[in-house]
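Encoded as structure tokens, the structure appears first; notes follow it.
Computed from a predicted structure; not experimentally measured. First listed ligand is number 1; within each ligand, the first listed atom is number 1. FYI, side chains are in, hydrogens and waters are out, and symmetry mates aren't considered; it's all heavy atoms of this structure. All residue numbers in this chain count up from 1 along the given sequence.
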Amino acid sequence: MQLHHSPNPTQFTPIPTPCGCPHPCSCWGSPEQLLHSPTAGVWRTQSLLPGSPAHLSACNPPGARRGSHPCTQPTSAAPGPGAHRTPRLLPPAAPPQRRGGRLGPPALCQRGRAPHLGYPEQGLAGGGGPGGDAGPDGRGAPRAPALTDGGDDRDGEVEGAGELPLPAGSVGLGLQHQALQLPVIVGGEAVLPPQLPALLLQQPLAAALRLRLQRIEDGGAHQQVELHLHLDGAIRPETILYYGKKRGIPLPGDTVEELLKHVSYNTPLSLPEFLEKFNHYMPAIAGDREAVRRIAYELVETKAKEGVAYVEIRYSPHLLANCSVSPIPWGQAEGDLTPDEVVHLVNQGLQDGERDFHIKARSILCCMRHMPSWSPEVVELCKKYRNNTVVAIDLAGDESLKVEDTSGHKEAYEEAVRCGIHRTVHAGEAGPPAMIKEAVYLLKTERIGHGYHVLEDPELYKELLRTKMHFEVCPWSSYLTGACLPDFRKHPAVQFRKDRANYSINTDDPLIFNSSIDTDYGITKDYMGFTDEDFKRVNINAAQSSFLPEKEKQELLNMLYEAYGMVPNAS
Ligand SMILES: O=c1[nH]cnc2c1ncn2[C@@H]1O[C@H](CO)[C@@H](O)[C@H]1O
């Protein structure tokens with residue numbers, strides 16, 4: 001494939017949005033413009049830093065006729081699926097509303113709806129699925145038709161899968177572009193094959209192009225690794241509304257905005273208060289096969305758009321089931337979806353997502369603090385599906401809860417050790433260092449979920465530094481759950497950074513925290529002084545502490561090294 005590089009500055013003109021409206025950030029799905037130089041036949045994107053003069057003038061040019069397009073309607077202030085939802089009100093040390101540095105993924109405009117990359121709402125719902133032409137929130141935002149493979153759904157395959165058969169990551173860009181038949185980009189410029197007219201760049205192709213341009217323009221340097229992300233804390237609000245409506249399950253709102261008023265928040269609550277948020281929407285999803293598979297698929301799509309290269313997604317199979325689980329969660333009537341089948345469905349969603357969005361996704365099965373009786377089955381499911389996306393066991397929930405008999409958790413973790421199942425435990429998030437000690441010495445955890453309160457026990461901290469224990473840090477979450485002080489300058493991550501501890505940066509529950517990975521990178525950059533070098537280090541530590549098998553871990557690390565320019569070109 002011929003690479004073209006234009007050494008001289010070329011005159012670029014913005015490509016009109018598909019509807020000609022004054023909001024490229026909404027139409028293209030992110031605050032950037034697609035520019036074209038007709039003379040040179042060269043294309044490039046111009047990133048519009050949200051709130052920057054360029055963004056404001058592009059998205060709200062003086063005299064623009066507002067209201068001429070759904071993306072300029074007031075209702076579009078509600079975030080779209082997969083869009084970057086920045087906190088609406090900010091804590092004293094406000095997290096930034098913009099991308100968190102070169103390694104942070106590009107922030108999507110708050111007003112923008114992320115382009116749909118192909119979940120088959122038609123296939124699932126006979127049209128009108130989440131984000132479709134007549135979205136469940138009734139806003140009817142314009143949406144490109146899903147790419148479909150034209151096949152029927154009898155094989156259970158997600159329709160639309162396999163249309164863009166690209167290898168993962170940003171390594172091997174030539175291959176990606178051959179497969180996509182998209183422009184080849186060098187130095188942020190692209191040569192468009194002449195046969196691909198501008199019209200074709202409209203969604204969904206433009207969406208795919210934009211995603212790849214973002215990655216390529218950064219030289220792939222924003223490839224991130226996310227290790228602490230709850231599937232059920234990361235569901236698209238549109239999807240919740242859709243299944244609520246479809247299944248006749250009442251929700252606290254009929255629109256995304258109304259729903260989010262109840263589900264998400266931006267001033268600190270306690271951990272138990274935060275956990276209550278799940279009650280508002282889980283009944284719409286739990287017990288439904290299609291919904292379970294779909295939320296897994298959509299989360300992979302969201303993470304791909306955010307620039308995450310590898311993600312470990314955790315959930316409790318029992319909390320998504322309505323059969324063979326006692327008590328049946330969320331007040332559901334008994335059905336026929338078992339925890340075992342939940343895992344199977346999530347696996348399918350993750351694998352479909354991996355195939356369609358070209359990132360790597362693995363899963364972690366959660367035991368719940370308040371339900372030790374579920375834990376033995378959780379470890380059995382980890383064993384059964386260990387070669388099928390599941391990489392580890394976790395213990396989640398309210399760590400302040402006094403549970404009489406926790407032997408179920410202990411037995412499960414013993415069995416995990418015995419069988420070589422990887423282990424992580426939520427500990428020291430809101431709870432004291434004793435919880436971390438229990439996780440490390442009793443449950444033999446290999447990573448700590450959160451772990452902020454380790455700093456209150458200097459001896460323990462020293463020991464965990466020595467053993468390179470990995471801390472799954474979630475900055476914005478730690479503010480909103482009241483786990484840490486509101487002043488980010490005093491956040492444990494500041495100390496971790498100083499001590500060169502082993503930790504990652506994660507979102508935790510982005511639906512409830514109204515956030516994306518960008519929010520957390522932004523906080524660490526703007527309030528804790530993290531640099532690009534820190535972010536590289538964080539992500540390499542995360543990859544090293546991932547629960548991937550050694551060979552795959554090494555592949556991931558190699559990809560990061562290359563993306564970060566840390567090794568000579570390996571091609
Ligand atoms: O930050 C957290 N700390 C403790 N538990 C959590 C957190 N976020 C979510 N969950 C719990 O984990 C379950 C499985 O995903 C969720 O249903 C929620 O109850």
Side-chain angles (χ1 to χ4, degrees), residues 226-235 240 263-265 268-287 291-292 295-296 299 311-322 325 327-332 339 342-343 346 350 362-372 374-375 377-378 381-382 390 392-401 403 409 424-431 435-436 439 445 447-453 471-484 492 504-515 520:
E226 186 167 6
L227 301 180
H228 192 118
L229 173 61
H230 290 262
L231 174 64
D232 50 340
I235 306 172
I240 295 168
V263 167
S264 78
Y265 67 103
L269 296 172
S270 67
L271 186 62
E273 284 168 335
F274 145 71
L275 289 170
E276 280 172 24
K277 294 286 182 185
F278 289 83
N279 299 331
H280 291 302
Y281 62 89
M282 282 299 280
I285 302 294
V292 168
I295 60 172
L299 187 49
V311 59
E312 287 178 6
I313 293 172
R314 63 187 71 196
Y315 64 99
S316 158
H318 295 80
L319 288 179
L320 285 163
N322 63 8
V325 50
I328 297 176
W330 320 114
Q332 299 172 91
V342 165
V343 178
V346 171
L350 296 182
R362 295 291 179 269
S363 63
I364 297 176
L365 304 186
C366 296
C367 305
M368 297 304 301
R369 289 255 177 209
H370 66 295
M371 289 307 306
W374 293 350
S375 295
E377 189 183 8
V378 175
L381 292 171
C382 289
V390 178
I393 191 167
D394 177 35
L395 176 53
D398 183 359
E399 57 179 321
S400 66
L401 215 62
V403 183
H409 300 321
T424 181
V425 173
H426 281 71
E429 178 183 16
M435 299 303 290
I436 301 176
T445 195
R447 298 195 321 224
I448 306 277
H450 307 279
Y452 316 116
H453 292 270
F471 295 93
E472 301 158 359
V473 173
C474 311
W476 182 226
S477 155
S478 71
Y479 167 76
L480 286 177
T481 59
C484 296
S504 49
I505 298 174
N506 308 278
T507 53
D508 204 8
D509 298 280
L511 162 67
I512 301 175
F513 302 140
N514 205 13
S515 66
D520 291 280

(request) May I ask you to check if ligand 1 and S477 share an N or O to N or O distance below 3.5 Å? (result) no

(message) Is there a polar contact between ligand 1 and G397, counting only N or O atoms under 3.5 Å apart?
(response) yes

Under a 4.0 Å heavy-atom limit, does [X] contact ligand 1 with its side chain, its backbone, both, or neither?
X	answer
L275	side chain
L231	neither
D508	side chain

(message) My understanding is that only one of L299, D508, D509 makes a side-chain contact (heavy atoms from CB on, under 4.5 Å) with L229; could you say which?
(response) L299

Enumerate the atoms of ligand 1 whose separation from the nearest heavy atom of [X] is less than 4.0 angstrom.
X	value
L319	17 (O)
S316	14 (C)
F274	1 (O), 2 (C), 7 (C), 8 (N)
F278	9 (C), 16 (C), 17 (O), 18 (C)
Y315	15 (O)

Checking a contact table here: which protein heavy atom is nearest [atom], and how many Å away?
atom	answer
atom 19 (O) of ligand 1	M368 CE, 3.4 Å
atom 8 (N) of ligand 1	D509 OD2, 2.8 Å
atom 17 (O) of ligand 1	D232 OD2, 2.4 Å

Gap separating the [atom1] atom of [X] from the [atom2] atom of [Y], nearest 0.5 angstrom:
X	Y	atom1	atom2	answer
L227	E472	CG	CD	6.0 Å
H453	I436	NE2	CD1	8.0 Å
Y479	L269	OH	CG	10.0 Å
S477	E429	OG	CD	5.5 Å

(message) Using heavy-atom distances only, which candidate in H230, H370, E399, E429 approaches atom 7 (C) of ligand 1 most closely?
(response) H230

(request) For the residue pair W374 and H318, categorise the inter-ring angle as parallel (less than 30°), tilted (30 to 60°) or perpendicular (more than 60°). (result) parallel

(message) I'd like to know whether ligand 1 has H450 as a neighbour, heavy-atom separation below 4.0 Å.
(response) yes

(message) Set out, in order, the CA-CA distance, both residues' side-chain angles and the distance that settles side chain to side chain donor-acceptor pair (under 3.5 Å) for S363 and E312, then state yes or no.
(response) CA-CA 5 Å; S363 63; E312 287 178 6; over 6 Å; no

(request) Determine, for R314 against D394, whether the closest basic-nitrogen to carboxylate-oxygen distance falls under 4.0 angstrom. (result) yes

(request) Kindly state whether the ring of F274 and the ring of F513 have centres lying under 6.0 angstrom apart. (result) yes

(message) Quick check: do P339 and E377 have side-chain heavy atoms less than 4.5 Å from each other?
(response) yes

